[in-house]
Undergrad: 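Below you'll find the structure I mean.
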Amino acid sequence: MIERIEEIEVEAVADVGAADSTAALEEARVRYLGRKGELTSILRGIAEIEPSRLGAVGAAANHTRKTIEALIDERLEALEAAELEASLVEDRIDVTLPGSPARAVGHLHPITRTRRLIEDVMIGLGYQVMEGPEIEHDFYNFTALNHPEDHPARMLQDTFYVDVSGPVEVEGEGPRDVLLRTHTSPMQVRAMEAEPPPIFMIVPGKTYRRDSDATHSPMFHQVEGLAVGEGITLADLKGTLLAMLREIFGPDRQIRMRPHFFPFTEPSVEFDVSCFRCDGTGNLPDGARCGLCKGIGWIELGGAGMVDPNVFGFVSESGYDPDSVTGFAFGFGIERIAMLRHGVGDLRLFFDNDVRLLEQFS
Amino acid sequence: MKVPYSWMAEYCDPGLDPEDLAEKMAMTGTEVERVLRTGPEDTTNFVIGLVTGAEPHPDADRLSVCRVDTGDGVRTIVCGAPNVAAGQTVVAALPGARMPDGTRIREAELRGVASEGMICSESELGLGAESDGILVLEDGIAVPGSPAADAVGLDEVVLELEVTPNRTDCFSIYGVAREAHAITGADLGSPPWADGEIDRGGAAAGVISVTVEDPDLCPRFTARAFTGVKVGPSPGWLRSRLAAAGQRAINNVVDITNYVMLLTGQPLHAFDLDLVPGGALSVRPATQGERVTTLDGVERELDDGMLLVCDRDGPAAIAGVMGGTAAEVSDETTSVLLEAATWNGPDILKTSRELNLRSEASARFEKQLHPALAGRAQVVASQLLVELCGATAVDGMVDVAAELPDPEPIRLRAGRVERILGMEIDRDDQVESLVRLGFAVEADGEDLLVTVPPDRYFDVTREIDLVEEVGRIHDLDRLLPATLPAGSGRVGGLSRQQSLQRRAEDSLREAGLDEIVGWSFTDPGENPKLRLAVPDPRALPVSLSNPLSEDQSVMRTILLGSLLGAAQRNLSRGADRVALFESGRVYLPAAGVGPGPLGGAFPGIRRPPANEPHHLAALVCGPLDPPSWADSSPPDDFFALKGVLERLGSGLGMNVQVGPGDQPFLHPGRSGLVLVDDREIGWIGEVHPAVASQWDLGSCLAFEIALADLLAASPLGRETYSDFTPFPHVDRDLAVVVGERLSAAEISAAVDSAGGDLLVDTKIFDVYRGEGIGADEKSVALRLRFRAPDRTLDDAQVDPVLADVLAALESLGGRLRG
């Protein structure tokens, strides 16, 4: 009897191992462990066995039953996993179809992106961001910025003037009083009127000049910077601009300041950044002349300087005494930075608003 | 300003490559636009030739067969110039010479005659514009065969300077030489006017008389007389210097005035003295409509007040701008009246702008010259007229001058340079820089007392100007350290409004809209196209006095026009759909300045002239989302855009509502006002088809809101926590049939007020029209959510509230759907 039980176990191991589906396994289970199975019969008929062998046969039969049960469970798990895999493989989609789910994300205008970049850099350097009016008084745009009464920029050829005699209520004191600001600099004076020193601010915004070609637009964007306090020097201007340009154009950039002339700063400089395409060498690795900086190694960016004492003279009542405070100011075009960073060749493209351009800037 | 290097080097030769000097100048305040080289690149094979014979070509009318001594023998050269003649000294290009235009000279046969070179004109040599004939040099200037470059200055280098408007001194060769001296330390020769002085009055006063009506407009007028003047071509050296400086040679007298202007910075004018009746000149303003023919041959009509130099018969010159033809120097001229005057810069600028006539003279005068320059120019010009034109100067000079006060010395305080620049410069170095620049410096204790020369009289007037002068000469670029401002009191950051503005813009971007930047100015026809009419304040735009064009002549009062224009352009270029937004200002009358910078109120004592609220607007033509294989017709209706608006609001932590209200440019049945806390902040709707068609657009949706109003209502960052209840909620659905005209807002309001404290939320989840519902009715399905903070609700508590809600709906004409 015990031999037979051992034989059953051997057969069962072989059959379970051979079952290649959960259905075949079920068959094997019925065959060996079912009510009509031989092992079940043996266990059922155990009472008829002579008592002396009862213990041994019973133990063998139970052991074999448990072995087979464990074997089947193990096999079942393996077969079920395999069958799930197989059914999942069948249940396939075309993953190469374009995704459908979410709403398409739009695009910020490159000028906005560039403006925010500059703002964030200057915020990191401790500056506030301020806005000023675009329709401005001559006083803020020219007079208080030390432009003489007859400065060429005040001519009708260069500056847009607002009609103050029309039906629209515009607060102005004469035909040449109200204009579209030609730079963001008027906010230097407005800000200093409103706040005593120290002042650290930038002013991004729209500006206007009567000029229109591939590199001049009658409307464009500038960022003004102003830092006034005790002990501020031209060297501080250089360090500030350098820090800003490195954030915008990369950590290896250098700055160059060339003395220049502006009515509202003295000394005045123009500032350049070393070319980021040719690394300031003027030549590309293949020896060709760098097209970005035109072989010069430097890219002209903007104007700057130490706030002219005459400008402080207009805000002396707010505590700006040129003998106790000094300051610097700078200004540059946002479009210029965007054109350089993104390789846009024609300024006018920014105001054409073709979505084929906009969608290139995520 | 074009500066021939060799001319400058006569006064200061820095001994540098022109490119290196250009770099140094750029780094000290005078930009060098470019370094030009005139003449052929390689001057070998350009030699001096002596024409020994010139015969007409046997087979060509316009050609001459010349015999030219070129040192190595006599060559035959066929020449096409009309002015070639035996005895002339010329520049011959021999075979092998490469012309500036790249042509290589070869031996060639011209109509059967072998030609062994070319006799050159100025333009062929790249020296000037003259191309009518060959360049004829002075007799005996050099022996035949010697290199032409030595005699003619064939290889001139020209620095083209971009002089800043304050530096009138650098509009002269001598001024540039002094600048070169200051920045390089190379020796500076004495000025060309150093050894001459002309007395006031003298015999000249008997020949010339000058009256000046308004000395403010003409601070100085000097005039000299010259007799025995022989007008003719200028010598080659003078012609080539003028050519290199960009001036055309005319005749020796006129050339001398131009030459002296270039050298000293002071423009002069020569009149034919015999054509000035009585030698009497007066300076007076023009009367309206007065006419004068200027030297460029144009008859010009003058405006009242433009300053003239007149003789007894009428205008002889437009003061400081251009001479007239009336007393023009010609070949017949034998006596000359030489004028060197000082004018009022702004006045000259105004006249020159109004006449649209700019000359070398006006470009200098308009920046304001010092009267001392006029005397200098007379000295230099007199010498040249005597030397080159055989003239005799009538003794003395008529000089009508208002005395300018001597400049007070400027005090440069010790330590001031360092305080401004952030870099120490030795006091001795400061003194040396200033002296080199022409200032007189004297020590006063630790301070310096600095006297400004006439050349810098209007430019350097304050201590800070001296700091600038010292700084720029001291290699700021390399020596100036890069530091950051020290000290406290700095906190960087965006204002609350600014950061909320970014969030609002980002919300629209994330909703799938592309941002545009539209023009602030627009066509005055745009507002009528938008059907805006008075008294709507948007119908009356702020307008420009001097627009570039009519279609950019008024300031926009609404962003919608910019968006419609951008949509039109994109769709006409093949876009299938557009979804755009703009965040920008509109420009409205001065009244009603809104809150904060974004509302139009700005810092500063004087109120801004107009009101500039910042708006946020969106326009969608076609579906908001691009169609995809999964959804071939995504929503393109009003509610798609309203969803964007609601999302904008919820991104700022608030509910944006839409209530009834019209806009002239919107579909009357599909538009409304945007409300926040019952305050009107903008509009939303379908663009009126009649308006959309003006921009060639079909159905499109838009909204526009005042950003400051939106942001002011945002609680973002100021939210306070309120405890939430652990007890579960109970949802009840309700379908009511109501009249078609009853709005969702009215239904919700009625439900909310009847629902009491237990009703915490009401949602409309379906609107049904059709079978079982009357023609003028709709069925609205509501889901009401009830919750109590302190207990679990059961039917006994919810049912009475539900009955109240139903009663409220019935009072609006609704009934429970069966």
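Letters go in sequence order (proteins before strands), and every chain restarts at 1.
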Undergrad: Measure the shortest side-chain to side-chain distance between A:Thr112 and B:Ser583 over non-hydrogen atoms and say whether it is less than 4.5 angstrom.
TA: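 In short, these two side chains do not touch, never coming nearer than 4.5 Å.
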
Undergrad: Measuring heavy-atom distances to chain A, does B:Ile516 have an atom under 4.5 Å in its side chain, in its backbone, in both, or in neither?
TA: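 Backbone plus side chain of B:Ile516, per the 4.5 Å heavy-atom cut-off to chain A.
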
Undergrad: Please state whether the side chain, the backbone, both or neither of B:Pro547 comes within less than 4.5 Å of a heavy atom of chain A.
TA: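 Contact with chain A involves the backbone of B:Pro547 alone.
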
Undergrad: Which atoms of B:Pro541 come close to chain A, meaning under 4.5 Å heavy atom to heavy atom: side chain ones, backbone ones, both, or neither?
TA: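 Only the backbone of B:Pro541 comes within 4.5 Å of chain A.
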
Undergrad: Can you give me the closest heavy-atom contact between A:Pro218 and B:Gln552, atom names plus distance?
TA: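 That closest heavy-atom pairing would be CG-OE1, 3.9 Å.
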
Undergrad: Give, as side chain, backbone, both or neither, the part of B:Glu463 having an atom under 4.5 angstrom from any heavy atom of chain A.
TA: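 Neither; nothing under 4.5 Å.
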
Undergrad: Considering only heavy atoms, which portion of A:Met219 lies under 4.5 Å from any heavy atom of chain B: side chain, backbone, both, or neither?
TA: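 Answer is both: backbone and side chain atoms of A:Met219 are under 4.5 Å from chain B.
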
Undergrad: Side chain, backbone, both or neither: which part of A:Met187 has a non-hydrogen atom closer than 4.5 Å to chain B?
TA: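 For A:Met187, side-chain heavy atoms alone lie under 4.5 Å from chain B.
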
Undergrad: Report, as yes or no, whether the 6.0 Å neighbourhood of atom CD on A:Glu230 holds more than 12 heavy atoms from other residues, nucleotides or ligands.
TA: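 Counting neighbours around CD of A:Glu230, 12 or fewer heavy atoms of other residues, nucleotides or ligands fall under 6.0 Å, so no.
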
Undergrad: Quick check: do A:Tyr161 and B:Leu544 have side-chain heavy atoms less than 4.5 Å from each other?
TA: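 No. Closest side-chain heavy atoms not under 4.5 Å.
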
Undergrad: Between A:Asp323 and B:Arg416, which heavy-atom pair has the shortest distance, and what is it?
TA: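 Smallest heavy-atom distance, with atoms named: OD1-NH2, 4.1 Å.
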
Undergrad: Any side-chain heavy atom of B:Asn546 sitting closer than 4.5 Å to one from A:Arg210?
TA: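 B:Asn546 vs A:Arg210: side chains touch.
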
Undergrad: Give, as side chain, backbone, both or neither, the part of B:Asp465 having an atom under 4.5 angstrom from any heavy atom of chain A.
TA: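 It is both, since atoms from each part get that close.
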
Undergrad: Does the side chain of B:Ser545 come under 3.5 Å of the side chain of A:Asp163 through a donor N or O and an acceptor N or O?
TA: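 Side-chain D/A pair, B:Ser545 to A:Asp163: absent.
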
Undergrad: Can you tell me which portion of B:Ser495 sits under 4.5 Å from chain A's heavy atoms? Options are side chain, backbone, both or neither.
TA: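 Interface part for B:Ser495: neither.
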
Undergrad: List the atom of A:Arg190, the atom of B:Pro603, and the distance in Å for their closest heavy-atom pair.
TA: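 Result for this residue pair: NH1-O, 3.0 Å.
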
Undergrad: For A:Leu242, is it the side chain, the backbone, both or neither that has a heavy atom under 4.5 Å from a heavy atom of chain B?
TA: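 Answer is side chain: those atoms of A:Leu242 sit under 4.5 Å from chain B.
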
Undergrad: Is A:Glu134 close to B:Tyr587 at the side-chain level, that is, under 4.5 Å between some pair of heavy atoms?
TA: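 Contact flag for B:Tyr587/A:Glu134 side chains = yes.
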
Undergrad: Between A:Pro267 and B:Ile464, what is the shortest heavy-atom contact and its length?
TA: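 Answer, listing the atom of A:Pro267 first, then B:Ile464: CD-CD1, 4.5 Å.
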
Undergrad: Tell me, with the steps shown, if B:Arg606 and A:Glu136 meet side-chain contact (heavy atoms from CB on, under 4.5 Å).
TA: CA-CA 10 Å; B:Arg606 300 180 192 209; A:Glu136 187 55 284; over 6 Å; no

Undergrad: Counting only non-hydrogen atoms closer than 4.5 Å, does B:Met27 touch chain A with its backbone (N, CA, C, O), its side chain (CB onward), both, or neither?
TA: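 Backbone plus side chain of B:Met27, per the 4.5 Å heavy-atom cut-off to chain A.
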
Undergrad: Indicate yes or no: at least one non-hydrogen side-chain atom of B:Ile420 is less than 4.5 angstrom from one of A:Thr233.
TA: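 The answer is no, as the side chains (C-beta and beyond) never meet within the 4.5 Å cut-off.
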
Undergrad: Checking the side chain of B:Asp514 only, and the main-chain atoms of A:Val355 only, is there a donor and an acceptor separated by less than 3.5 Å?
TA: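 Checking the backbone N and O of A:Val355 against the side chain of B:Asp514, no donor-acceptor pair under 3.5 Å is found.
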
Undergrad: Heavy-atom distances under 4.5 Å only: say whether B:Leu580 touches chain A with side chain, backbone, both or neither.
TA: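 When you check distances to chain A, only side chain atoms of B:Leu580 fall under 4.5 Å.
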
Undergrad: By a 4.5 Å heavy-atom criterion (distance strictly below it), what part of A:Thr326 contacts chain B: side chain, backbone, both, or neither?
TA: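 Answer is side chain: those atoms of A:Thr326 sit under 4.5 Å from chain B.
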
Undergrad: Does NZ or CZ of B:Arg167 lie under 6.0 Å from the centre of the six-membered ring of A:Phe261, at an angle within 45° of the ring axis?
TA: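 No; the conditions do not both hold, so B:Arg167 does not lie above the ring face of A:Phe261.
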
Undergrad: Applying side-chain hydrogen bond (donor to acceptor under 3.5 Å, both in side chains), run through A:Glu131 and B:Gln498 and close with a yes or a no.
TA: CA-CA 10 Å; A:Glu131 284 101 12; B:Gln498 287 161 345; 3.2 Å; yes

Undergrad: Report yes if the side chains of A:Leu180 and B:Met555 come closer than 4.5 Å at any heavy-atom pair, otherwise no.
TA: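 Heavy-atom side-chain distance check passes, below 4.5 Å.
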
Undergrad: Any non-hydrogen side-chain atom of B:Asn570 less than 4.5 Å from a side-chain atom of A:Arg356?
TA: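 A side-chain contact is absent here, since even the closest heavy-atom pair is not under 4.5 Å.
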
Undergrad: Please state whether the side chain, the backbone, both or neither of A:Tyr208 comes within less than 4.5 Å of a heavy atom of chain B.
TA: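 Just its side chain gets close to chain B.
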
Undergrad: Between A:Phe328 and B:Pro485, which heavy-atom pair has the shortest distance, and what is it?
TA: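 The answer is CE2-CG, 4.0 Å.
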
Undergrad: What's the verdict on side-chain contact (heavy atoms from CB on, under 4.5 Å) for B:Ile605 and A:Phe139, showing C-alpha distance, side-chain angles and the deciding distance?
TA: CA-CA 11 Å; B:Ile605 291 168; A:Phe139 173 78; over 6 Å; no

Undergrad: What part of A:Ile232 gets closer than 4.5 Å to chain B, counting heavy atoms only: side chain, backbone, both or neither?
TA: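 Interface part for A:Ile232: both.
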
Undergrad: Any non-hydrogen side-chain atom of B:Arg585 less than 4.5 Å from a side-chain atom of A:Lys206?
TA: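 Sidechains of A:Lys206 and B:Arg585: no contact.
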
Undergrad: What part of B:Arg569 gets closer than 4.5 Å to chain A, counting heavy atoms only: side chain, backbone, both or neither?
TA: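 Contact with chain A involves the side chain of B:Arg569 alone.
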
Undergrad: Report which part of A:Asp211 has an atom under 4.5 Å of a heavy atom belonging to chain B: side chain, backbone, both, or neither.
TA: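 Contact with chain B: backbone only.
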
Undergrad: Is it the side chain or the backbone of B:Glu23 that comes within 4.5 Å of chain A heavy atoms, both, or neither?
TA: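 The side chain, not the backbone.
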
Undergrad: Do the side chains of B:Glu505 and A:Arg116 get close enough for a salt bridge, i.e. N-O under 4.0 angstrom?
TA: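 Salt bridge flag = yes for A:Arg116 with B:Glu505.
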
Undergrad: Can you say whether A:Ser165 sits under 4.5 Å from chain B via the side chain, the backbone, both, or neither, judging by heavy atoms?
TA: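 Answer is neither: A:Ser165 stays 4.5 Å or more from chain B.
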
